[in-house]
Student: 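Let me give you the structure first, and then I'll get to my questions.
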Amino acid sequence: GAEEGAEGDADVIDQETYDAMARAKRRKGEYRVAYEDVKSLKTAVSQMSDEVTQFRAVFVNEFQEWYDKGGGAEFRLEDEEEDELDYGEKFDHLEMQLHLRDDPESGAYFQSKKLMRAGKTRPGVDKSAMSTMRSRQSGQTLKGGSKKEWDPRDTAPRPR
């Protein structure tokens, strides 16, 4: 009888040990769930990384084909042309390219509108006749009595 009582006591655990075992079991379950989440996320990240690599290769190949066919030619300046353009001309060129990118058919309209705002004539009109007519209309004369022709590149506003 005494030996049986001793063995029975060995199977009995105190409350503190029981609580520690219950916490350990609960945390093991939480760890398994978190581990499965991390494992599935790593798989998803790996698949997405592979897709990004594939799409990047496709994009680079398509861009290279587009570029080889002359894509973007409107934005490229030849070395000789770049050396000859001043800042204003470069700005005008880039501004025109932006308008052409938005609406390819608007180039002539934009150029004419810009020329009209600057007081320049449209293509095909005799510029010297227009300048003479403007100077006559303005009545502007120089010190020597000769009339000054108005130059649209002048920074002063157009004489009226």
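Note that the numbering runs from 1 along the sequence shown for the chain.
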Student: Donor-acceptor pair, distance only, cut-off 3.5 Å: does the side chain of S40 make one with the backbone of D37?
Tutor: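 Such a contact is found between S40 side chain and D37 backbone.
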Student: Keeping the roles fixed (side chain from S112, backbone from A108), state whether a donor-acceptor pair exists under 3.5 Å.
Tutor: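 Yes; at least one donor-acceptor contact below 3.5 Å.
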Student: Decide whether D19 and Q15 meet the rule of one side-chain donor and one side-chain acceptor closer than 3.5 Å.
Tutor: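 D19 vs Q15: donor-acceptor pair found between side chains.
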Student: Applying side-chain hydrogen bond (donor to acceptor under 3.5 Å, both in side chains), can you list everything that pairs with Q64, at least two apart in sequence or on another chain?
Tutor: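 side-chain hydrogen bond (donor to acceptor under 3.5 Å, both in side chains) list for Q64, sorted by chain: D68.
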Student: Just checking E36: does its CD atom have more than 12 heavy atoms from other residues, nucleotides or ligands closer to it than 6.0 angstrom?
Tutor: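 Check passes, neighbour count above 12.
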Student: What's in the same ILVMFWY side-chain cluster as V45, cut-off under 4.5 Å, chained through other members?
Tutor: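 Besides V45, the cluster holds no residue at all.
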Student: Report the distance from atom CZ of R101 to atom CG of L94, rounding to the nearest 0.5 Å.
Tutor: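 Result: 11.0 Å between the selected atoms.
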Student: Please round to the nearest 0.5 Å and tell me the distance separating atom CE of M21 and atom NZ of K25.
Tutor: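 Interatomic distance, M21 CE to K25 NZ, rounded to 0.5 Å: 9.0 Å.
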Student: Which of parallel (below 30°), tilted (30 to 60°) and perpendicular (above 60°) describes W66 and F63?
Tutor: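 W66 and F63: tilted rings.
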Student: Quick one: list whatever passes salt bridge (Lys or Arg N to Asp or Glu O under 4.0 Å) with D92, sequence neighbours left out.
Tutor: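 Testing D92 for salt bridge (Lys or Arg N to Asp or Glu O under 4.0 Å), a comparison that skips the adjacent residues, returns K114.
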Student: Determine whether the side chains of D14 and T17 contain a donor N or O and an acceptor N or O closer than 3.5 Å.
Tutor: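 A pair is found: one side chain offers a donor N or O, the other an acceptor, under 3.5 Å apart.
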Student: Between E89 (side chain) and D86 (backbone), is there a donor-acceptor pair under 3.5 Å?
Tutor: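 Checked: pair present.
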Student: Treating Ile, Leu, Val, Met, Phe, Trp and Tyr as nodes and any side-chain heavy-atom pair under 4.5 angstrom as an edge, say whether F55 and V52 lie in one connected cluster.
Tutor: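 No, F55 and V52 fall in different hydrophobic clusters.
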Student: Determine whether Y35 and K39 make a side-chain contact, defined as any pair of heavy atoms from C-beta on separated by less than 4.5 Å.
Tutor: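 With C-beta onward as the side chain, the pair touches.
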Student: Would you say E16 has more than 12 foreign heavy atoms packed within less than 6.0 Å of its CD?
Tutor: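 No, CD of E16 has 12 or fewer neighbouring heavy atoms, counting only those of other groups under 6.0 Å.
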